Every structure is written in C-alpha cells, then in structure tokens.
Amino acid sequence: LFSVKDNYLAIGNRDPKANLHVSGNLGFIISSTYEPLVDNTLAEEETVDFYYSNSLKKPGSAFYFIGKKAALFSGYASKEIDYDLGLNAVSLGKDNAVTGVFSTAVGQQLNVNGAYSVAAGKNNVVNGYFSAGLGLGALSEYDGSFVFSGSLGSVDTDFSAEKPNQFLIDSSFKIQA
C-alpha cells in the first residue's frame with residue numbers, strides 16, 4: 001500500500017513520480033471539523049469532508065472532486081444527492097444540480113442541465129445549451145438564451161425565455177447608470 005523510493009512517498013503504487021504520489025480508483029477522504037459563525041457567534045461544530053470520488057452522495061457540507069469527470073462540487077447538500085455532476089462541471093453553493101457538460105452553478109437551488117451553460121443566484125433553471133440564468137427565478141429553457149431576473153417577488157415566479165437566442169432582463173429590476 002505504501003512505498004518509498006528516492007525520498008518519494010507512494011500510496012497505491014510502487015513507482016512514485018512526485019514527493020507524494022497517490023494512485024487508485026476508489027478515491028480518498030479528508031475529514032475535518034470547524035466551528036462556523038452564525039450571527040457573529042460560534043455555532044455547533046460541523047464536519048466538512050473532502051473527497052476524491054466517483055460520485056456525490058452524502059448530504060452535508062462537502063468538497064468533492066470527481067476525477068474521472070474533472071468535475072468539482074463545493075458547498076452544502078441538504079439531502080442525499082441523486083444526480084451525477086456533468087463532465088467538467090462546477091457546482092458552488094447550496095443544493096445545486098449541475099448535470100450539463102462544461103456547465104457552472106454558483107448560488108442556491110440552481111439546476112443547470114444544458115451544456116456550456118451557467119446559473120448564478122437562487123432558484124434558477126438553465127436547460128438550454130450555451131445559456132445563462134442569473135438572479136432569482138430565471139428560467140432559460142432554450143439554446144443561446146440569457147435570462148436575468150432581478151425581481152424580489154415570489155420565489156415561485158419564474159422569468160423565462162420564450163424562444164432560442166433571447167436576451168432578457170426582468171423589467172421590474174431597476175438598472176441605474
């Protein structure tokens with residue numbers, strides 16, 4: 001399991017190529033605890049797990065790197081994760097689902113299913129390829145669409161593209177120059 005060669009440490013192989021060379025397809029886990037701040041006071045300790053793994057599963061705060069897909073998840077999952085990250089996908093935040101290849105989500109409760117797409121904010125859904133959904137409640141169902149919803153209305157109210165290649169900004173959002 002462990003070997004040392006020319007001051008190099010190997011785990012899972014016999015021929016290390018660097019100071020620390022880890023090889024294997026089952027992954028590794030680094031676990032730690034921290035005391036997060038809540039209202040500027042220390043809250044209960046929470047465990048944060050760092051994984052190199054084949055898939056996401058465990059709820060809670062975690063950092064996953066899925067090597068075979070070059071996908072990254074960092075954030076919090078309030079329930080067991082029942083999807084696989086897309087190839088080269090990035091998910092940062094809380095309760096995001098990023099299944100599109102080369103897609104990114106930054107925020108909370110975002111769903112990015114379209115390839116080469118991005119969502120940022122809260123409660124946005126991006127299903128179109130080469131599309132973006134930003135703000136709150138943006139729905140980008142079509143390829144090449146850009147939807148920005150700045151409304152502070154109901155979280156259940158979606159502002160959505162109605163056809164491909166639309167560029168939409170919610171009119172209730174006040175833009176100041």
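Keep in mind it's a predicted model, so treat the numbers as computed, not measured.
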Value for CG (L9) from CG (N19), rounded to nearest 0.5 Å, stands at 9.5 Å

Rounded to the nearest 0.5 angstrom, the NZ-CG distance for K69 and N88 is 10.5 Å

Take L72 and F63 through the test side-chain contact (heavy atoms from CB on, under 4.5 Å) and record every step on the way to the result. CA-CA 8 Å; L72 177 74; F63 177 89; 3.2 Å; yes

Listed partners of D95 passing side chain to side chain donor-acceptor pair (under 3.5 Å), at least two apart: S78

Side-chain donor or acceptor of S74 paired with backbone N/O of L92 under 3.5 Å: no

Taken in chain and number order and not counting sequence neighbours, the residues that satisfy side chain to side chain donor-acceptor pair (under 3.5 Å) with N127 are N113, E141

Among residues at least two apart in sequence or on other chains, which ones pass side chain to side chain donor-acceptor pair (under 3.5 Å) with S160? none

I'd like to check the salt bridge (Lys or Arg N to Asp or Glu O under 4.0 Å) partners of K5; sequence neighbours left out, ordered by chain and number. D15

Nearest heavy-atom pair of L168 and A161: which atoms, and what distance? CD1-CA, 3.5 Å

Through direct or indirect side-chain contacts below 4.5 angstrom among Ile, Leu, Val, Met, Phe, Trp and Tyr, which residues connect to L139? V125

Any ring-ring contact (aromatic ring centres under 6.0 Å, His included) pairs touching residues 122-144, not counting sequence neighbours? Y116-F130

Mind checking what makes side chain to side chain donor-acceptor pair (under 3.5 Å) contact with S91, not counting sequence neighbours? none

N13: what forms a side chain to side chain contact (heavy atoms under 4.5 Å, CB included) with it, not counting sequence neighbours? A10, P16, H21, S23

Between the side chain of N96 and the main-chain N/O of V106, is any donor-acceptor distance below 3.5 Å? no

Mind checking side chain to side chain contact (heavy atoms under 4.5 Å, CB included) for N7 and listing every partner two or more places apart, or none if nothing turns up? none

Not counting sequence neighbours, which residues clear side chain to side chain contact (heavy atoms under 4.5 Å, CB included) with S117? List them please. S103, V112, V126, S131

With rounding to the nearest 0.5 Å, note down the distance linking CG in L134 to CD1 in I169. 9.5 Å

Hey, does the side chain of N124 reach the backbone of A138 with a donor-acceptor pair shorter than 3.5 angstrom? yes

Identify, with sequence neighbours excluded, every residue that meets salt bridge (Lys or Arg N to Asp or Glu O under 4.0 Å) alongside D6. none

Qualifying residues under salt bridge (Lys or Arg N to Asp or Glu O under 4.0 Å), relative to K163, sequence neighbours excluded: none

